[in-house]
Amino acid sequence: MPVETENEATESALKPPTAFSVNRYHVDLTTETVRFERVQCEDLEDVLGGIARATKLLADVEVDDAYDPAAPIVMNLGLLSGTRVMTGLRTYFHGYSPLKMSRSGRPGLMWSAGSGKFGTKLRGLGIDEVVFTGRAGSPRMIHLTPAEDPDGPGGPADFEFLDASDLGELHVNKRILTLYERYPEAHFAVIGPAAQNYETVRYASIALSTENQLKTGDPKARFCGRGGYGGVLASKNLYAIAADGPNPNVRSRGLKDINKEVNLGKGSWPYRDDGGGGTWRQVPLQHENGVLPEYNFNPTGTDQGVALTRKEVEKGPYEIKAESCYLCGIRCHKNVYDDSNGEAGAFRTKVDYEPFILLSSNLGVYDVEKALDLVALVDELSMDSISLGVSLGHIMEWNQRNPDNQYADGLSYGDYDAIVAAIHAVAEGRLPEVGEGALRFAMRTGSLDFAMQAKGVEFPAYVPHSNPGYPWALAGGHMSMKTFILVILERETGMDYWVDAITNRGPMYLLDDMTGMCKFAALDPVLIAEALGVAAGLEVTADDLRGAVDRTWVRGYTIERRVGYEVEDYALPAEAHQPARGSKLPYFNTPEFFDELRTKVIAVLDERAETYGYV
C-alpha cells in the first residue's frame, strides 16, 4: 500500500480511504503461478488492512476442510506494519482454521499475528497481501525479491519457487539460520516439524525471524501461534517464505511524540522493565487472587506457584535480560539465560506468561528449570504452547478421573519425563488425541465439562470462571477479546457491566490487528488515528477507527453464524460456572447468569449485523 514519502505527508495532504490501493498477489501453489492486482480501496477496512480487510475478503468463502488445497490462506500487513511507528511490525495469517470449529464440525475463520522483521521486509517489497491456494507437489519455499519494473503488470515483487525438502528435518531455529546463510539480507516465515504432521497436529505455528535471532543465532523467533496456520501452510507444501528486499522507504518525521508515548507511556508500562515487568507480572497477580491455572485450570490455593514468579527465578542460577523487537523501545521480551559468573550465558528461552504457565503449573510442574525447557522445546517444534498446554492438561485430567480408560499412555500431572515424551509424540503425529485439540477429544469422550476451550480454541492462562467473554473472542481469548482480567482489575459482576464489556470494550482489542501495531503499545484510538495520518497519510478519526473495529467484530460473528455456529457454540465448559477452588475473586458466573448474558450479547450482535447489512 502506498505510504507517503518524507516530504509528501502534511495535514493538508491527508487522503480518504478511497484514495488508497492495495498490492495483492494471488499464488496458486499447484501450478506455481502468480497473479498481481492493484485493488482500489472501497472503505476504511480495506485501507487499514490486517483482519479488517482479510475478514471482508474471506467472508463469503466456503470451506469445509481447512486443509483443502482450495482453501485460501491470506498473508497480509496492517497499514502501520513496516512503518516507523514503534511496534508497527505485525504480519498476519488469516483463514479457516483447522482448530477452531463449531460443534457440528465446521471450521471457523480466525487469524494469527506475529512480530519480528519479516513484515517490515514485506513492506519494503511493496507487498500488502498474498492469497495462497493450491498444493505444491513437493516441499517448496518462495523467495521474494524486488521486481525489475515495480510499476509493471507483475507488481513490485518477484516470486521464485524453490525446493525446500532440505528444511524438513530441521527444528525452527536451524531452519531460519539455514535460510539466513543463503539470503543474508532477508527475513523469514517458516513452519516447523510439527506442521508437517498437520493431519494430527491442529495447532502448528508459523515462526517469523527477528534481528536478535539472526545476529546471535539464538532461537528467538516470534510466532504466529494461534489457529494452526503452520499446518495450513504445510498442507499446501509451503515450508518457508524469504522476504529478500530493502528496508521500506518510510517517513519518521512527525512521529517523535507518538513513539515517545509508545515507548514511555502508560499503555506500555505493564510490559516494560521500568514498569510492570512484562507479561510475567501475571504470575504473582493471578496467584495473589487465587486463580493461577494449575492442574487443568483448577487453582490449588497453595503457594506452589510462587516458584514460577520472576522474583524467584531471578534468584538464580539465571540472568534475565529485557530485549526487544526491531526498533522497539518497550523491550517486552524477558529472555532467560543461564548465569555465567554474574553475566548472561547460554540462552534458555523467552518467558511469556501464557506459555510458561500452561506448560508448567497447569500440568503440575513447578520446577523452573523444567518449565524453561518445556517452553523452549515447544517453540523449536513450532506448536502453539497455549493449545498444547491446555490439551495436555485436559488429557491429564481425563486420566485422573478415568483410571480404567487411559489416554496418552496414562499421562499424569507432574510427570516431566512423560510430558517431554508426549510433546515429541504430538509433534511427530503419534499422539492425535492431544494434537487434535481439547474440543475434538472432549466431544469424542464426553468430557466437555472440563475442556478449557471455546469454539475449539483453547483458553489462555486466565481461568474462565471469571471471564464469561471468552466465547465471543474471534481468535483466542487474550488476543481478540479484552475481558480476561477485568474481574481482577475492576471487581464488577453485574449483568449490564458484562454486556457492555463484551459488546463494546472487549472488541476494541482488535484495533491493533487491523493497523499492524503491537498490543503492548496499548495506544488509544486518538493516537492511532494520528499515527495513521503522519505515517501513511490517512484521513481518519478515533471514532472512525472504533466503527471499523465494531464492523469487523460483528462481521466475524456473522461469518461464524453463516457457516453453522449455533447459540450453543457460544459456551464455556460447565465447570467454569462453579466456584474456582482457591479463588479470591467474586463468584458470579453461574449457569443462570451466563444464559442470560448470552441471550443479551447475541441480541446485540444480531441487531448490529442487521444494521451493517451483513444478514
Side-chain angles (χ1 to χ4, degrees), residues 1 17 20 22 24 26 39 41-63 66 71-81 90-102 106-114 119 128-133 224 226-229 232 455-457 471-477 479-482 503 506-517 519 540 544-565 569-570 605-606 608-615:
M1 182 171 296
F20 287 76
V22 174
R24 178 182 292 153
H26 298 265
V39 182
C41 294
E42 298 177 346
D43 53 26
L44 182 56
E45 283 88 320
D46 284 346
V47 71
L48 288 176
I51 68 167
R53 187 169 63 240
T55 303
K56 277 186 63 181
L57 183 65
L58 296 170
D60 297 322
V61 175
E62 294 289 340
V63 175
I73 180 169
V74 177
M75 177 181 75
N76 74 2
L77 303 176
L79 187 56
L80 294 178
S81 299
R90 307 290 261 179
T91 303
Y92 304 95
F93 290 87
H94 320 255
Y96 286 84
S97 166
L99 181 70
K100 179 181 176 180
M101 75 166 190
S102 68
R106 295 298 301 276
L109 182 65
M110 61 180 287
W111 66 91
S112 193
D128 297 312
E129 195 158 75
V130 183
V131 182
F132 297 100
T133 55
C224 300
R226 309 246 57 193
Y229 293 108
V232 177
K455 297 181 297 192
V457 182
W472 289 279
L474 295 177
M479 290 286 101
S480 58
M481 175 59 68
K482 196 173 185 180
T503 61
M508 281 305 300
Y509 218 28
L510 299 177
L511 181 54
D512 299 313
D513 291 319
M514 301 176 182
T515 64
M517 293 282 288
K519 294 184 186 297
V540 67
D544 293 335
L545 295 175
R546 294 185 185 99
V549 168
D550 193 60
R551 290 190 298 273
T552 299
W553 178 58
V554 175
R555 179 179 276 118
Y557 162 79
T558 306
I559 295 168
E560 290 176 344
R561 299 305 298 269
R562 178 185 67 78
V563 303
Y565 285 65
D569 285 296
Y570 298 89
L605 280 160
D606 288 345
R608 291 184 191 174
E610 186 172 356
T611 299
Y612 295 145
Y614 297 162
V615 293

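Everything quoted here is computed from the prediction, not taken from an experiment.
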Taking side-chain hydrogen bond (donor to acceptor under 3.5 Å, both in side chains) as the test, write out the residues that go with [X], two or more places apart.
X	answer
Arg546	Asp543
Tyr96	Arg562
Ser102	Ser104
Lys482	none

Partners of [X] by salt bridge (charged side-chain N to carboxylate O under 4.0 Å, His left out), sequence neighbours excluded?
X	result
Glu610	none
Arg555	none
Asp550	Arg608
Arg551	Glu45

Would you say the side-chain atoms of Lys455 pair up with the backbone N or O of Asp569, donor to acceptor, closer than 3.5 Å?
no
Validation row: [X], [Y] side chains within 4.5 angstrom (heavy atoms):
X	Y	answer
Val74	Val130	no
Leu605	Trp553	yes
Lys100	Pro107	no
Tyr92	Met75	no

For [X] against [Y], the heavy-atom pair lying closest together:
X	Y	answer
Asp606	Arg561	OD1-NH1, 4.4 Å
Gly227	Pro98	O-CD, 3.1 Å
Ala475	Ser480	N-OG, 2.8 Å
Arg53	Asp46	NH1-O, 2.6 Å
Ser81	Gly516	OG-CA, 3.3 Å
Ala548	Leu44	CB-CD2, 3.9 Å

What is the ring orientation for Tyr570 with Trp472, classed by angle as parallel under 30°, tilted 30 to 60°, or perpendicular over 60°?
parallel
Output, in order, the C-alpha distance, side-chain angles, deciding distance and verdict of side chain to side chain contact (heavy atoms under 4.5 Å, CB included) for Leu474 and Glu560.
CA-CA 9 Å; Leu474 295 177; Glu560 290 176 344; 3.7 Å; yes
If you round to the nearest 0.5 Å, how far is [atom2] of [Y] from [atom1] of [X]?
X	Y	atom1	atom2	value
Met110	Thr55	CE	OG1	11.5 Å
Arg90	Leu77	CZ	CG	12.0 Å
Ile559	Lys56	CD1	NZ	11.5 Å
Leu57	Asn76	CG	CG	9.0 Å
Thr558	Leu109	OG1	CG	11.5 Å
Asp128	Cys41	CG	SG	8.5 Å

Partner set under side chain to side chain contact (heavy atoms under 4.5 Å, CB included) for Pro72, not counting sequence neighbours:
Leu58, Val61, Val63, Val131, Thr133
Those residues at least two apart in sequence (or on a different chain) that pass side chain to side chain contact (heavy atoms under 4.5 Å, CB included) with Ser112 are Cys224, Arg226, Tyr229
Sequence neighbours excluded, the answer for ring-ring contact (aromatic ring centres under 6.0 Å, His included) partners of Tyr509 is none
ring-ring contact (aromatic ring centres under 6.0 Å, His included) partners of Tyr614, counting only residues at least two apart:
Tyr612
